[in-house]
Amino acid sequence: MSAHALILAGAGGERAWRLQDYAARGGYAALRRIIAGKTPPEAIIAELKTSGLRGRGGAGFPTGLKWSFMPYAFPGDKYLVCNSDEGEPGTFKDRDILRCNPHAVIEGMIIGAWVMGCTRGYNYIHGEIFEIYQRFEEALEEARAAGLLGRNILGSDFSFELFAHHGYGAYICGEETALLESLEGKKGQPRFKPPFPASYGLYGKPTTINNTETFASVPFILGMGGEAFLNLGKPNNGGTKIFSISGHVRHPGNYELNLGTPFPELLAMAGGMRAGRKLKAVIPGGSSAPVLPANIIMDCTLDFDAISKAGSMLGSGAVIVMDETTCMVRALERLSYFYHEESCGQCTPCREGTGWLYRVVRRIERGLGKPDDLDLLRSVAGNISGRTICALGDAAAGPVQSFIKHFADEFAYHIENKKCLVPPLVQEAGSQIYM
């Protein structure tokens with residue numbers, strides 16, 4: 001955790017998640033000022049734009065701009081949705097926010113409702129973390145009892161209802177329109193876009209969807225000012241970001257850092273490489289992000305633009321670290337299996353293509369690879385990318401393309417020699433990565 005930790009500040013306290021503790025840290029002060037002063041929505045949007053806050057769920061879209069898309073004067077219901085369906089391998093920050101600081105998310109959503117004129121909100125929580133869902137429900141009850149939610153919030157004429165929704169563990173429901181389908185009680189499958197949720201979202205009404213960390217950042221931005229938040233990071237990459245580091249490090253966990261922090265600093269904070277081994281590769285933004293070899297990532301700063309320039313993406317900030325004992329073919333086989341299993345099956349390129357990718361990588365790993373398998377993998381991945389309704393197809397193709405790009409020698413060795421380039425005894429000593 002950095003010296004400028006905002007969202008995770010106080011996270012170690014036994015009762016940090018309680019309303020009383022959150023209020024003692026300045027919680028709900030921003031909301032009280034907004035309601036008491038009847039702050040115009042456009043002033044809050046301007047502050048968010050100044051802050052440089054970009055979506056923390058993976059896409060990195062500017063939050064202030066996204067909020068400005070909502071038709072404020074639209075008659076009837078409008079909806080606000082928090083995407084806490086955190087199911088991608090390597091990601092585990094949002095559940096810690098909801099565990100340790102749920103009121104920051106609640107306050108951020110109430111402010112969002114004020115800005116966009118929303119009447120109802122939902123927090124869609126991943127189905128495999130039921131205890132987090134229960135804690136968020138308790139936090140909602142605290143907020144309602146304190147007059148912070150419901151009708152006539154803090155004695156004003158502003159009303160907003162907020163509910164938790166427990167998902168069912170499907171990775172595809174992390175895609176915003178599949179999430180909306182699931183909220184409506186239907187099968188979680190992505191919608192065609194356009195229309196976009198801001199014009200046709202939940203129940204056909206205007207809807208804005210943001211990530212858990214995005215909403216949690218809003219009260220801190222309005223408390224410290226957009227420019228101060230921006231200055232914690234770098235231009236176009238304002239503020240702090242929670243990085244979930246896992247894999248072959250001594251101290252895996254969540255670390256809140258200023259955007260633009262050099263990667264070696266995060267690695268050092270996580271205790272460095274486990275067992276003193278050498279860094280081999282890093283997936284910097286969750287399993288769907290292209291892998292980067294050590295010589296590239298060690299020169300990178302952790303922000304959207306720098307990681308993109310290096311050939312990958314910051315994504316959700318899930319940093320998967322692999323050391324020299326890692327068989328890259330085996331690692332890719334595990335990732336390809338995940339995307340094959342989690343494809344919703346709606347699009348033919350994804351439904352069929354992810355199966356092809358997994359089966360070909362699997363046979364290479366098992367010593368049954370064919371001379372033209374690398375060309376076949378490149379072809380299949382290329383025929384998936386950009387040809388599906390949502391980004392899951394690209395998420396499956398990206399790792400295949402990047403693993404082959406940077407570690408083609410290992411794949412070729414597997415095919416030619418029917419065994420792994422990394423000595424088996426070394427692999428057994430600690431190459432397993434749990435993702």
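Source: prediction; values computed, not measured.
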Any chance you could measure T207, atom OG1, to Y200, atom OH, to the nearest 0.5 Å? 10.0 Å

Regarding E184 and R191, does a basic nitrogen lie under 4.0 Å from an acidic carboxylate oxygen? yes

With a 3.5 Å distance limit and no angle check, can you tell me whether R277 reaches the backbone of M322 through a side-chain donor-acceptor pair? no

Please list, chain by chain and in numerical order, all residues satisfying side-chain contact (heavy atoms from CB on, under 4.5 Å) with P293, sequence neighbours excluded. N295, I296, H406, F407

CG of L8 to CG of N101: how many Å apart, nearest 0.5 Å? 8.0 Å

E365 side chain vs V329 backbone, donor-acceptor pair below 3.5 Å: no

Begin with the C-alpha distance, continue with both residues' side-chain angles, and end with the deciding distance and a verdict on side-chain hydrogen bond (donor to acceptor under 3.5 Å, both in side chains) for N254 and S244. CA-CA 4 Å; N254 285 315; S244 305; 2.6 Å; yes

Just wondering, more than 12 heavy atoms not from R366 lying within 6.0 Å of its CZ? no

Quick one: does N417's side chain have a donor or acceptor within less than 3.5 Å of a partner on Y413's backbone? yes

Heavy-atom pair of closest approach, residues A281 and V291: CB-CG2, 3.8 Å

Stepwise side-chain hydrogen bond (donor to acceptor under 3.5 Å, both in side chains) check, N123 with S84: CA-CA 7 Å; N123 186 4; S84 295; 2.7 Å; yes

Heavy-atom count check: over 12 atoms from other residues, nucleotides or ligands less than 6.0 Å from F69 CZ? yes

Nearest non-hydrogen partners of P284 and I307, listed with the distance: CG-CG2, 3.9 Å

Going by heavy atoms in the side chains, are H414 and C327 under 4.5 Å from each other? yes

How about L257 and E265: do any of their side-chain heavy atoms sit closer than 4.5 Å? no

Heavy-atom check, side chain of S68 versus side chain of L65, under 4.5 Å: yes

Pairwise distance CG(D85) to CD(E175) - rounded to 0.5 angstrom: 11.0 Å

For D299, check side-chain contact (heavy atoms from CB on, under 4.5 Å) against everything at least two apart and list the hits. none

Is the backbone N or O of G55 less than 3.5 Å from a side-chain atom of N211, with the two atoms forming a donor-acceptor pair by type? no

Test L180 against Y79 for side chain to side chain contact (heavy atoms under 4.5 Å, CB included), laying out the working first. CA-CA 11 Å; L180 295 179; Y79 295 99; over 6 Å; no

Begin with the C-alpha distance, continue with both residues' side-chain angles, and end with the deciding distance and a verdict on salt bridge (charged side-chain N to carboxylate O under 4.0 Å, His left out) for D96 and K93. CA-CA 5 Å; D96 262 9; K93 66 179 177 66; over 6 Å; no

So with a 6.0 Å cut-off around CD of E141, is the heavy-atom count from everything else above 12? yes

Among E137, E131, R135, the one residue meeting side chain to side chain donor-acceptor pair (under 3.5 Å) with Y133: E137

Any side-chain to backbone donor/acceptor pair from E107 onto L31? Under 3.5 Å, distance only. yes

Heavy-atom side-chain proximity of F160 to W114 below 4.5 angstrom: no

With the side chain counted from C-beta on, respond yes when C344 and P190 share a heavy-atom pair under 4.5 Å apart, and no when they do not. yes

Check whether more than 12 heavy atoms from other residues, nucleotides or ligands sit under 6.0 Å from atom NZ of K405, and answer yes or no. no

Relative to the ring of Y28, is the ring of H103 parallel (under 30°), tilted (30 to 60°) or perpendicular (over 60°)? perpendicular

Can you measure from CZ (F136) to CG (L162) and round to the nearest 0.5 angstrom? 5.0 Å

Is the count of non-hydrogen atoms from other residues, nucleotides or ligands lying under 6.0 Å from K186 atom NZ greater than 12? yes

For the atom pair CD (E181) and CG (L202), what is the distance rounded to the nearest 0.5 Å? 10.0 Å

For residues 368-384, which residue pairs pass the salt bridge (Lys or Arg N to Asp or Glu O under 4.0 Å) check, not counting sequence neighbours? R363-D373, D375-R378

Could you grab the distance from atom CZ of F215 to atom CD1 of I7, nearest 0.5 Å is fine? 12.5 Å

Walk me through whether S288 and E88 qualify under side-chain hydrogen bond (donor to acceptor under 3.5 Å, both in side chains). CA-CA 8 Å; S288 60; E88 183 164 313; 2.9 Å; yes

Within the distance-only criterion (no hydrogens, no angle test), does the side chain of T214 pair as donor or acceptor with the backbone N or O of R56 below 3.5 angstrom? yes

Please answer whether the main-chain N or O of P290 pairs with a side-chain N or O of S312 as donor and acceptor at a distance below 3.5 Å. yes

Would you say K66 and T63 make side-chain contact, with heavy atoms under 4.5 Å? no

E324 (side chain) donor-acceptor with K278 (main chain) under 3.5 angstrom: yes

Would you call E138 and W17 a side-chain contact if the rule is heavy atoms closer than 4.5 Å? yes

Check: D323 main-chain N/O paired with R274 side-chain donor or acceptor under 3.5 Å: no

Does S336 reach the main-chain N or O of L332 with its side chain, forming a donor-acceptor pair under 3.5 Å? yes

Under the rule for side-chain contact (heavy atoms from CB on, under 4.5 Å), what residues qualify as partners of C347, not counting sequence neighbours? P349, C350, T388, I389

Any salt bridge between E86 and R95, counting N to O under 4.0 Å? yes

Test log, rule side chain to side chain contact (heavy atoms under 4.5 Å, CB included), inputs K280 and M328: CA-CA 10 Å; K280 182 174 185 177; M328 302 308 285; 3.8 Å; yes

Considering residues, nucleotides and ligands other than Q20, do more than 12 of their heavy atoms fall under 6.0 Å from its CD? no

Within the structure provided, determine whether K49 and P62 are in side-chain contact (heavy-atom separation under 4.5 Å). no

Tell me the salt bridge (Lys or Arg N to Asp or Glu O under 4.0 Å) pairs involving residues 230-249, sequence neighbours left out? E213-K241, K234-D303

Under the side chain to side chain contact (heavy atoms under 4.5 Å, CB included) rule, what do V282 and L267 come out as? Steps first, then yes or no, please. CA-CA 11 Å; V282 171; L267 186 60; over 6 Å; no

For T326 and H248: C-alpha separation, side-chain torsions, deciding distance, then whether side chain to side chain contact (heavy atoms under 4.5 Å, CB included) applies. CA-CA 9 Å; T326 305; H248 298 149; 3.2 Å; yes

Taking all non-hydrogen atoms of both residues into account, name the closest pair between Q401 and S385 and its distance. NE2-OG, 3.8 Å

I need the full list of ring pair (Phe, Tyr, Trp, His ring centres under 6.0 Å) pairs touching residues 328-384, with sequence neighbours left out, sorted by first then second residue. Y171-F338, Y171-Y339, Y337-Y358, H340-Y358

